[in-house]
**Q** 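Dumping the structure here so I can ask a few things about it.
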Amino acid sequence: MPLKIETARIEKPWSIGKMGTSGLRLVQEDYNRPLFLEQFAQGVADYFVELTNMKEVAENNKTLIIGGDPRKGNADRVRRIAEIMVGNGFRVIIAKDSLASTPAMSHTIRECKAAGGIILTASHNPFTDVGIKLNMSSGAPALEETVARVHAMQNEVKSYSFVAFESALEAGQIECIDCVKLYADLLDEVLHFGAMRDALALRPGFAAAFDAMHGAAGPFAHEVFINRLGLDATILREEPREDLGGLDAHGHPLHPEPDFDYIGELIKLNATGKYDIVAAWDSDVDRRLDGGKGFFIESADEFALFSKYAELIGVEKLFPHEIYFGRSTVTAGTIDLMQGYLEKKFPKHTVHAVETPTGFKWIAELGNWGVEESNGVGNPYIREKDGIFATAFLLKILLETGKTVQELMEGVWKEFGRVFFTRGEVSGSDENEKTLLTSILKDAAKYVGGTYSTLKLEKAGSWDYIHPKTKQAADTACAFFLQFSEGNTIKARFSGTGSGGYTLRVYCTKYDTQFARPKSPVTQPMKDAFDAFLAGAGFSGKSKKYTDANQPDPYTG
Ligand code: VG1
Ligand code: CO
């Protein structure tokens, strides 16, 4: 029987915002406005119709993958979006139970040779927010041009088409796929689980503790670490929950974000020294915080370690001639120090250390072997940052070397030096405050030569992205930088994932060969200088918050 396609008018279309760093994130109430989701989805469908009708593009496969994190309302949203995609002529593959991590979605898109995927997640934002990310046939997040086109099309929608879910299912236009299995198979292929199991058999007592934060991580971690690797692992908050853990003791929603503010139990377990490896992942499992035996590692540092052992996952085989390893502009420069090392390791390749804007789409575009400041590490076999991959790769290195996480990391710092790194933020809800902050940062060069707190401002400006392959410049400045004396560097940029107000992310870095010290005394002068700079420039925003205490600091003094 032919499918019955229904069409309904949207009498009062909404004004839909543009996707930011990673998808469009809004509070639940905004996504739940009548016909908002329908309008959003119809705009996405229009975009894919246009794309897949183009003769010259390879993405003419009319299949789309849909899935996401377990947050409130997502299972229904997955069904509704599927109905609309089928109504627009697509075949839809839905993740089993609607649940999939962002990296698993990226992998599934490639495996199914789909035209793209729609990922329902607001990632680290609490369950009170909803987010939708869009990925392309390469598995990578949509880039600027696509985002702009989708945005324009969404705001032209006047009606939407759909097919009732059950009839689309019966007609085979909607199918279900086990993303967990597909993803675990890939990791097995890349990391060789058989060899890891053999190594684990020789390490009785080797133990793990993980925190799945009630996001999508539980089923993935269980399958990979317990079912397939046979690891003795405790998984905290394993069950995916629609409230992602609910409220904290003060009645605030918990953030499914792997930083120290939100993983108290795991920190306690790690402090016992009993666990060889520990990890926490965010709600869509693309970010991680790894550690073990009382030690936690920053993502940039962990990536330097991964670069050192890159041959364990055959990175050189993935890149025929040129290896790109990327880091977002604000990520600590530890890995840049490793370029020479990688050139020696892979003499047949040209190695490029590339700084990219924040947002993993840029790193994905270069082959996905890279890292972001906020605990995102790339898995070069897919096109997204990937929390479980990072933890499993760390596990492989632990088993291969017999060293502890701390010994491994100290080995890297001894050889290459350490880039002390910390993040902070200036946030508020006053638009005028934001405008003032922006103009101060834009004009920062005029303050060069001044001394702020104990540091002299030597250079200031904005950082522009020149694409390493096309040599095109991105049209907006991506980050502001303030170079203070003694190698103290601050970069700052506005967050693109919030659902209200503004957040200026402030990143402080300083290189030193003396690595075994707490980071606070190293980064404090930068924070003081930045505060003094803002105050001196007339910014009176009060909400300066440096989140040092919620980040890994292996040497607490
Ligand atoms: C934040 C992080 C960025 C990350 C983005 C999406 O963006 O800083 O590194 O790519 O979240 O991550 P922003 O613009 O708020 O600083 V995920 O795990 O939420 O998709
Ligand atoms: Co995420």
Side-chain angles (χ1 to χ4, degrees), residues 18-26 67-71 74 100-106 117 119-127 129-135 140-143 147 212-217 220 244 255-259 262 280-289 298-300 303 326-332 355-365 368 370-379 383-390 421-427 476 478-480 491-507 547 550-551:
K18 205 167 168 182
M19 297 191 206
T21 315
S22 186
L24 181 72
R25 300 188 193 180
L26 300 169
D69 72 27
R71 79 185 57 223
N74 270 0
S101 68
T102 290
M105 284 289 290
S106 171
I119 313 178
L120 282 96
T121 178
S123 189
H124 59 278
N125 298 30
F127 75 96
D129 280 357
V130 177
I132 301 186
K133 301 180 179 182
L134 203 60
N135 284 41
L143 272 168
V147 165
M213 308 192 86
H214 289 311
F220 287 91
L244 303 169
H255 291 231
E257 175 161 27
D259 78 22
Y262 307 110
W281 308 286
D282 74 338
S283 83
D284 64 330
V285 213
D286 55 352
R287 296 203 265 151
R288 81 345 129 224
L289 184 59
E298 289 278 4
S299 51
F303 192 72
R327 66 170 179 89
S328 61
T329 172
V330 291
T331 306
E355 244 190 340
T356 73
T358 295
F360 220 78
K361 51 196 168 202
W362 308 100
I363 292 172
E365 208 197 4
N368 215 52
V371 62
E372 260 189 350
E373 75 292 344
S374 56
N375 291 327
V377 172
N379 167 352
R383 289 293 175 270
E384 272 285 3
K385 49 197 196 289
D386 185 347
I388 301 266
F389 163 78
F421 175 73
T422 195
R423 275 170 285 161
E425 65 183 49
V426 178
S427 56
T476 46
C478 299
F480 303 100
K491 284 197 179 174
R493 51 172 281 280
F494 285 99
S495 157
T497 59
S499 57
Y502 74 87
T503 298
L504 180 80
R505 299 213 192 271
V506 183
Y507 308 89
T547 48
N550 70 9
Q551 294 166 48

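Each residue takes its place number in the sequence, starting with 1. Atoms within each ligand, like the ligands themselves, are counted from 1 in listed order.
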**Q** Could you identify the single nearest non-hydrogen protein atom to atom 4 (C) of ligand 1 and state the distance to 0.1 Å?
**A** E372 OE1, 3.3 Å

**Q** How far is atom 12 (O) of ligand 1 from its nearest protein heavy atom, and which residue and atom is that?
**A** K385 NZ, 3.3 Å

**Q** Regarding ligand 1, does Y507 bring an N or O atom to under 3.5 Å of one of the ligand's N or O atoms?
**A** no

**Q** With no hydrogens and no angle check, is any side-chain donor or acceptor of N375 less than 3.5 Å from a backbone partner on R287?
**A** no

**Q** Does the N or O separation between K133 and ligand 1 drop below 3.5 Å for any pair?
**A** yes

**Q** The Co ion (ligand 2) is nearest to which N, O or S atom of D286?
**A** OD1

**Q** Against heavy atoms of S374, which atoms of ligand 1 measure under 4.0 Å?
**A** 2 (C), 3 (C), 4 (C), 8 (O), 9 (O)

**Q** Can you tell me the protein heavy atom closest to atom 8 (O) of ligand 1 and the distance?
**A** E373 OE2, 3.0 Å

**Q** For ligand 1, is any non-hydrogen atom under 4.0 Å from N125's backbone (N, CA, C, O), its side chain (CB onward), both, or neither?
**A** neither

**Q** Just to the nearest 10 degrees, tell me the angle at the Co ion (ligand 2) spanned by S123 OG and D284 OD1.
**A** 90°

**Q** In D282, the N, O or S atom nearest to the Co ion (ligand 2) is which?
**A** OD2

**Q** Any non-hydrogen side-chain atom of T102 less than 4.5 Å from a side-chain atom of T121?
**A** yes

**Q** Determine whether H124 and R25 make a side-chain contact, defined as any pair of heavy atoms from C-beta on separated by less than 4.5 Å.
**A** yes

**Q** What atoms in ligand 1 come closer than 4.0 Å to a heavy atom of D286?
**A** 17 (V), 18 (O), 20 (O)

**Q** Check the side chains of E384 and N379 for a donor-acceptor pair under 3.5 angstrom, ignoring hydrogens and angles.
**A** no

**Q** Please name the pair of heavy atoms, one in E372 and one in F360, separated by the smallest distance, quoted to 0.1 Å.
**A** OE2-N, 3.2 Å

**Q** Would you mind checking which non-hydrogen protein atom is closest to atom 17 (V) of ligand 1, with the distance to 0.1 Å?
**A** S123 OG, 2.8 Å

**Q** Quick one: does ligand 1 sit under 4.0 Å from the side chain of S22, the backbone, both or neither, non-hydrogen atoms only?
**A** side chain

**Q** Who's the nearest protein heavy-atom neighbour of atom 1 (C) of ligand 1, and how far?
**A** T497 CG2, 3.9 Å

**Q** For a distance under 2.8 Å, tell me if T102 has an N/O/S atom near the Co ion (ligand 2).
**A** no

**Q** Between R25 and ligand 1, which part of the residue brings a heavy atom under 4.0 Å of the ligand: side chain, backbone, both or neither?
**A** side chain

**Q** Would G496 count as a polar contact of ligand 1, with the cut-off being nitrogen or oxygen pairs under 3.5 Å?
**A** yes

